[in-house]
Amino acid sequence: MTSTAAHAGVDLEGVDLMDPEWFTDGPPHELFARMRAEAPVRWNALPGGGGFWSVTRHDDVSAISRDTATFSSHRAGVFLHPDQVLPLELNRNVLLYKDPPEHTRYRKILQTAFVPNTVAKLEDDIRARVTRVLDAVIERGECDFVPDVAVPVPLGVLADLMGLPDADIPKLLAWTEGIEAGQLSPEPAAATPTFVEMAGYLYEQIERQVAAGGESLVTQLRAAEVDGVRLDDAEIATFFGLLVFAGNDTTRNTASSGTLALLDHPEQFAMLRADESLIPQAVEEILRYTSVVNYFVRTATTETSVGGQAIAEGDKVVLWYTSASRDESIYDDPQRFDITRAEQNHQAFGGGGRHFCLGAGLARLELRVLFEELARRMADLALAGDVARLRSTWANALTSMPVTC
Ligand code: HEM
């Protein structure tokens with residue numbers, strides 16, 4: 001069973017989208033297209049009992065994302081199991097798991113550090129990092145694009161943003177891998193030891209930066225005040241922990257799958273190299289086409305309905321961003337990769353509303369700089385072997401992509 005198999009004859013009744021087999025070759029886009037047409041809000045039974053509402057249309061994902069009173073992130077978390085990755089009580093300390101009004105206050109404080117001006121100041125550092133990473137692999141003439149390019153760029157940018165020394169990047173990588181493994185594990189709270197170790201390190205780093213003085217994200221976050229509320233250092237450490245999870249794999253996976261999309265569509269890559277002004281638009285198309293976070297979950301706080309389908313209080317709904325980003329009611333010929341596409345309201349960063357990705361500006365900047373430098377420096381980039389994928393229903397991720405450059 002693969003995503004490229006013809007899904008025309010598949011009986012949707014029996015499909016369990018939490019079975020990673022469907023994602024072997026990437027998200028099963030033909031299956032999602034059928035669901036959007038035939039069963040846009042569909043009950044997905046799970047083998048162990050229970051199930052969830054699978055929501056595949058753009059408008060429905062958007063409406064649910066914007067209605068935080070009816071569809072909670074706090075009540076039972078944003079994955080199917082409340083204790084997936086970390087125990088729910090620990091998860092609830094991070095922004096992603098909060099509902100208004102707490103979410104609103106907390107997010108306002110954090111946003112001060114991510115306003116466009118602050119992000120724009122990072123461009124020179126990002127470009128220096130990207131060119132260092134690319135020049136090192138160009139020198140060798142070949143590399144595995146995932147560990148050699150896509151991994152170090154976002155990790156390094158996060159380290160710069162959080163004021164962490166480059167020497168600690170391998171630690172950050174190991175912790176990211178620990179959290180990723182926790183996400184894939186059927187065991188509840190599997191990433192707890194990793195998270196506790198990482199939070200301890202981040203707390204120490206924050207104390208070090210405070211003692212050293214000077215301007216940094218830490219000092220900005222400590223100074224930010226909304227309605228008389230400030231973050232304490234433990235809350236800043238928790239936020240940094242979220243950044244390591246939210247800002248790392250996501251950007252890495254978009255960079256590698258986006259590069260693969262360009263290699264699979266050489267005429268688009270040629271167009272991008274010929275006219276750099278297309279790159280911001282190409283980044284939006286790459287975000288849409290790869291939509292690397294396949295889903296997040298919400299829990300209904302009351303009896304309600306979506307697209308005419310009754311939903312009971314306590315039911316889980318799975319928001320398939322990856323499907324919404326290819327909804328034919330929004331996009332012309334949605335399976336086509338087209339860097340000149342005009343429609344841009346993809347859901348790679350979520351369905352909109354209050355939880356819309358806080359790092360979208362930073363991710364866009366990183367990806368723009370990466371593809372600019374790739375277009376300038378890697379005109380001969382070519383696949384040199386098979387790509388390998390992570391076995392996951394949640395992350396659309398390559399683990400290996402051998403290339404010559
Ligand atoms: C291409 C890269 C990225 C993708 C695809 C991505 C995707 C997402 C998605 C789907 C959400 C959930 C939205 C929702 O529930 O409505 C989210 C939230 C978030 N992202 Fe990103 N993200 C990316 C990069 C980043 C970066 C670079 C950072 C920061 C350094 C970041 C920080 C966050 C945070 C803090 C949240 C939680 C926002 C909230 O709950 O209010 N993300 N992201």
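Remember, it's 1-based here, ligands and their atoms both numbered in the order they're listed. Just so you know, these numbers come straight off a predicted model, no measurement behind them.
- Ranking the protein heavy atoms by distance from atom 37 (C) of ligand 1 puts Leu96 CD1, 3.8 Å first.
- When heavy-atom distances to ligand 1 are checked against a 4.0 Å cut-off, Lys98 has no atom that comes that close, whether in backbone or side chain.
- A salt bridge links Arg127 with Glu372: the closest approach of a Lys/Arg side-chain nitrogen to an acidic carboxylate oxygen falls below 4.0 angstrom.
- Cation-pi contact between Arg36 and Phe32: absent, since separation from the ring centre below 6.0 Å together with deviation from the ring axis within 45° is not met.
- Atom 7 (C) of ligand 1 has as its closest protein heavy atom Ala348 O, 3.5 Å.
- We find that Asp25 and Arg389 are not joined by a salt bridge, their nearest charged nitrogen and carboxylate oxygen being 4.0 Å or further apart.
- Closest protein heavy atom to atom 1 (C) of ligand 1: Thr254 OG1, 3.2 Å.
- Using a cutoff of 4.0 Å between basic side-chain nitrogens and carboxylate oxygens, Arg364 and Glu366 are not scored as salt-bridged.
- Heavy-atom separations between Asn248 and ligand 1 are all 4.0 Å or longer.
- Taking the centre and axis of the six-membered ring of Tyr289, the NZ or CZ atom of Arg326 falls inside the cone set by 45° and 6.0 Å.
- Residue-level proximity to ligand 1 for Leu158 is carried by the side chain, the only part with a heavy atom below 4.0 angstrom.
- Closest protein heavy atom to atom 15 (O) of ligand 1: Arg298 NH2, 2.9 Å.
- Under the 3.5 Å distance criterion, with hydrogens and angles disregarded, no donor-acceptor pair is assigned to the side chains of Ser257 and Thr290.
- Applying the ring pair (Phe, Tyr, Trp, His ring centres under 6.0 Å) rule to Tyr201 yields the partners Trp175; only residues at least two apart in sequence or on another chain are considered.
- Using a cut-off of 4.0 Å between Lys/Arg side-chain N and Asp/Glu carboxylate O, Arg391 and Glu21 are scored as salt-bridged.
- Among protein heavy atoms, the minimum distance from atom 29 (C) of ligand 1 is reached at Leu243 CD2, 3.6 Å.
- Annotation for ligand 1: atoms under 4.0 Å from non-hydrogen atoms of Phe296 are 11 (C), 12 (C).
- Counting only protein N, O or S atoms, the number found under 2.8 Å from atom 21 (Fe) of ligand 1 is 1.
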